[in-house]
Structures are given as C-alpha cells and as structure tokens.
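This report concerns only the one structure given below.
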Amino acid sequence: MKEKLTRNIGLKILSLALAFLIWVVILNVDDPATTSTIKDVPVTRINENAIISRDKVYDVVSGETVDVKVKGKRSIIDKLKKEDFRAVADLSKLSLTYAVPIDVSLPRYPEVEISQKVMTMEVNLENRITEQFRVDVVEKGNVAPGYYISAKTARPNIIQVSGAESVIKKINEVVVEVNVTNRDESFGEKEIIPKVYDKNGSLMDSSKMTFNFEKVDVSVTLLNTKTVKLWVEIKGTPYYGYEFVGFDYEPKQVVIAGKQEELDKVPYITAVYNINNRRADIEDEIDIKDYITEDVILIDENQNAVINIDIEKIESKEISFNSNEIELRNVPYGTVATIDNSSLVYAKVSGTKGELNEISKGDIKPYIDLSGAGVGTEVHNIQFDSSIKDKVSLSNPGISVTLAYDD
C-alpha cells in the first residue's frame, strides 16, 4: 500500500500544484483584482480636549475629507462606500506646524489594500475667549390693532458666548425672536434658541460658539392703546412793550397705552407753555410726558410737541381828526352844538406792526356824548365807537363844545 502511495510522487505533487494554479486562474477570471478611488471620505476628529485644555480653539484648514485609493477583489471594491472607511485625525498628535496625521482603515475588509494622497489634516489655532452679551428680544410681525408691546423680557437676559477670538470679536448682538402676529394679550415663549449677529447685521454661525445657556425663555407684556387730543395753553405775559400775537403747535393728538381702566381716566392731555417776560418769537419743544399724570405711557412717534409762538413789539402811530370829523351825539333838544374849529385831535393807536397796518381813521370813530349838557361852553371828553378803543389814546382827550339855543 505504501508503495502505491509513494509511486510517482513527483508527478503527483506537480499535478497538485497545477490544480491549485488552475483554481487560482479560474478564481481571478471570475473575481479579478481591481483598483478604485473612493472620494471625500469624512475624517473624524478625536481627542479635541487636547486643544480645548490649552484654552485654544481650532479651524480645519484642509483635510476634512480624504480620497482613498483601494485595491482588491472586484466583488468587494465595487460595493465599497464612504461609510465603510474609518478615517481618524487624533488631535492629541498635533505637530508644531499644526498638522495631524490621518489614519484610514477598512475594518470590514482588512485584505483590501489602502493608500491615500492626503496624509495630514491642517488646522489653525486661536485663543479661546468668553464674553458676556445682553439678550435682546426682537418681535416678528404686528400685534392686533389697539395693542402695544410695553415690555419684552428674556430669561436669562445675559449670556456668555465662548469661541475663537476672531469670531467673538465680530459679535454685535445676541437676540431671540418671538412671533407677535395678531396677539391681543400678554404671553410667554419657552426655550427659544438665541441668534448671533455681527456688526454688519449678518447672521453668524452659532456652531462655532458655545453658550452657557443654549435656550432662552421670553415673556411679552401687552397694553391697550388710545388716541387722545393734545391741548397747549399759553400762560404768562410778555415783556413790557411786547404783545402775544398767536401760536400753533403739532401734533394735535397723540397715542397712549395702559390698562383700560387707566386709559379711561385720560380724555385728553393739556400741556402748558409760559411766555413770561419773553420779547421775541419762540420756536421750542414741549415734552409731552411731563403732562401725563395717570398711570399710562406715551407711545406716539412724537414724544415732543413743537410749538411756534408769535410775540411782537408794540408800536404806535398817530391819526389826526379835525373838529368836523368828531360826531356829536345826544345834543339836547332845542340847542345847537359846535366844536371849537381850532381844535385838532391826535389819536395815538398802539399795537403790533400787523395790527397798525390794518387800522385806518374810519376804524376809530370818535364822538362826544352831550347827554345832560347845558347851554354854554364846556370841555367834553372824546369817546370812541370802535372795537379797538382799548388800543387808542388821545393827547388831548378833552375838547371845548358850545351849546346855544336854536333860534
């Protein structure tokens, strides 16, 4: 038996080798070796605390993904996806040139050959800083007509933001947005994510920052509104020799807000302006809030009323009257009255320049009332049948009048 097994041993070994070679050839024909490149395999970063513990933050300059060249059986290569690879950058191995080795493996298919062009991830280091910012509440939309937002409160109202110095220094404001469309009562919103804006008003990427509070609660207080008239009273007296002529102001009405029971107490607002001892036209503003006494607030776009007051210097002019221009009234029956023909009456009229320009002799209408006068010559006072008699004075208010019997 042994002789049969060992007979032609060399030929048998050769046959076995040929059989194996044929098997390999057949195998390669059915499942040949091939190569391929899998692009953009994401690189996972580990041990970030190695940088954070140094009060640093980093940005990836290059190497966030890597292209991997693989060689192996087609049956394997053809079905490989990016997710099959494990590409790792260990940040604890950061070099002095800020490079991190990228280690790529294919755990499910260790027999596949792997090579890569990009061997390192390049990063940029910056100081990590923390700053505090007020949280501003920004409303979106408009509340229902007749209502006003009197308060918007964020809790917390101050938060700390940490990140790269170059990023944190760009922050202008931190806001939370709340929708107030058609709201007609006070309300609150929970867990609103804050947004960060730079000095240009552009929204910043919050993923590059960390917050000591990730979410903020907001409460919004609404009040009723009311439109009321605004009155302005002028008090005081201008400087001697000057006269208050008139005034105008704007606005004539304003909008206030408050609880309804408080609004009901305010039918209008009266402001006061004092012109004591003033001697020129006035252009000024009145702080309307100073004249609101009830528990309401002024929400009008006009917080001040503008006022224009005309004050003019009092001037004078003289108007002369001959004796025949003075009317004699109530001449006693049976008598004839005559005025001394030599009498010339000078009426001094005082007023503003505009008033004087409009006054003529016909507006003064001087007369003498002879009721109860007796026969003879007497001095009688001149009076005026005029709406401006308070502005008229005479240099010679008395004039001689002679009464005689009518023959």
Side-chain angles (χ1 to χ4, degrees), residues 34-72 76-77 79-110 112-135 159-177 193-216:
T34 186
T35 60
S36 181
T37 300
I38 310 297
K39 293 184 174 296
D40 298 325
V41 175
V43 179
T44 302
R45 287 161 266 168
I46 63 173
N47 292 326
E48 290 181 314
N49 283 335
I51 292 177
I52 296 174
S53 62
R54 296 159 55 186
D55 279 335
K56 301 284 185 181
V57 293
Y58 71 93
D59 282 323
V60 177
V61 177
S62 64
E64 283 191 291
T65 62
V66 63
D67 295 342
V68 180
K69 185 175 181 181
V70 291
K71 181 179 180 181
I76 298 175
I77 300 302
K79 63 182 180 182
L80 288 179
K81 301 185 295 295
K82 290 188 291 186
E83 294 76 13
D84 295 320
F85 295 85
R86 185 172 184 268
V88 177
D90 187 346
L91 294 174
S92 66
K93 298 178 180 179
L94 182 67
S95 71
L96 294 177
T97 58
Y98 303 147
V100 183
I102 298 175
D103 179 31
V104 181
S105 61
L106 190 58
R108 291 176 58 191
Y109 306 103
V112 174
E113 297 180 23
I114 298 174
S115 62
Q116 63 198 76
K117 286 186 178 180
V118 177
M119 303 302 294
T120 59
M121 173 183 285
E122 305 293 330
V123 301
N124 178 49
L125 289 190
E126 274 193 75
N127 290 330
R128 175 185 175 87
I129 65 171
T130 299
E131 289 192 6
Q132 291 191 143
F133 295 90
R134 184 183 70 185
V135 181
I159 63 175
Q160 293 180 347
V161 186
S162 301
E165 184 174 6
S166 62
V167 173
I168 301 303
K169 291 300 182 182
K170 291 180 182 178
I171 296 176
N172 182 54
E173 61 179 349
V174 177
V175 306
V176 287
E177 297 176 350
I193 298 174
K195 296 182 177 181
V196 182
Y197 290 87
D198 64 18
K199 293 176 175 60
N200 295 320
S202 300
L203 182 65
M204 299 179 68
D205 184 359
S206 297
S207 66
K208 296 184 177 181
M209 315 165 198
T210 57
F211 303 84
N212 63 333
F213 291 95
E214 296 292 337
K215 296 181 180 179
V216 176

Worksheet item: Can you tell if the side chain of V196 reaches within under 4.5 Å of the side chain of L203, non-hydrogen atoms only?
Response: no

Discussion item. Please find the pair of heavy atoms, one from A87 and one from V66, that lie closest to each other, and give the distance.
Written reply: CB-CG1, 4.2 Å

Discussion item. How about NZ on K39, more than 12 heavy atoms from neighbouring residues, nucleotides or ligands closer than 6.0 Å, or not?
Written reply: no

Practice prompt. Take I129 and K169 through the test side-chain contact (heavy atoms from CB on, under 4.5 Å) and record every step on the way to the result.
Written response: CA-CA 9 Å; I129 65 171; K169 291 300 182 182; 4.0 Å; yes

Discussion item. Counting C-beta onward and ignoring hydrogens, is there a side-chain heavy-atom pair between V70 and F85 closer than 4.5 Å?
Written reply: yes

Fill in: Non-hydrogen side-chain atoms of I193 and K215 separated by less than 4.5 Å
yes

Worksheet item: Just wondering, more than 12 heavy atoms not from I52 lying within 6.0 Å of its CD1?
Response: yes

Discussion item. Within the structure provided, determine whether R128 and R54 are in side-chain contact (heavy-atom separation under 4.5 Å).
Written reply: no

Practice prompt. Report the distance from atom CD1 of I46 to atom CG of L91, rounding to the nearest 0.5 Å.
Written response: 8.0 Å

Worksheet item: Shortest non-hydrogen contact from P101 to T120?
Response: CA-CG2, 4.2 Å

Worksheet item: Taking all atoms of both residues into account, what is the closest heavy-atom pair of V43 and V88, and its distance?
Response: CG1-C, 4.1 Å

Worksheet item: Is any side-chain heavy atom of F211 closer than 4.5 Å to a side-chain heavy atom of S206?
Response: yes

Practice prompt. Test side-chain contact (heavy atoms from CB on, under 4.5 Å) on D67 and V118 and set out the steps.
Written response: CA-CA 7 Å; D67 295 342; V118 177; over 6 Å; no

Worksheet item: Can you tell me if N47 and D90 form a side-chain donor-acceptor pair at under 3.5 Å?
Response: yes

Worksheet entry | N-O pairing of R108 and D84 below 4.0 Å | yes

Worksheet entry | Closest non-hydrogen atom pair between I114 and S105, with its separation | CD1-C, 3.9 Å

Worksheet item: Under 3.5 Å, is there a donor-acceptor pair between the side chain of N212 and the main chain of Q160?
Response: yes

Worksheet item: Can you find a pair of side-chain heavy atoms, one from K56 and one from L94, that are under 4.5 Å apart?
Response: no

Practice prompt. Just do the side-chain contact (heavy atoms from CB on, under 4.5 Å) check on I38 and K82 with the steps written out, would you?
Written response: CA-CA 7 Å; I38 310 297; K82 290 188 291 186; 3.9 Å; yes

Practice prompt. Output yes when a side-chain donor or acceptor of E126 lies under 3.5 Å from a complementary backbone atom of V167, and no otherwise.
Written response: no

Item to complete: Please report the C-alpha distance between L106 and L80 in whole Å, then the side-chain angles of each, then the deciding distance to 0.1 Å, and finally whether the side-chain contact (heavy atoms from CB on, under 4.5 Å) criterion is met.
Response: CA-CA 10 Å; L106 190 58; L80 288 179; 4.0 Å; yes

Worksheet item: Tell me, do V100 and Y58 make a side-chain contact under 4.5 Å, heavy atoms counted?
Response: no

Worksheet, complete the sentence: Correct closest heavy-atom pair for K71 and I77 would be C-CD1, 3.9 Å

Worksheet item: If you round to the nearest 0.5 Å, how far is OG1 of T35 from CD of E113?
Response: 10.0 Å

Discussion item. Counting C-beta onward and ignoring hydrogens, is there a side-chain heavy-atom pair between V123 and R45 closer than 4.5 Å?
Written reply: no

Discussion item. With no hydrogens and no angle check, just 3.5 Å: does a side-chain donor-acceptor pair link S202 and N200?
Written reply: no

Fill in: Closest non-hydrogen atom pair between I168 and S162, with its separation
CD1-C, 3.7 Å

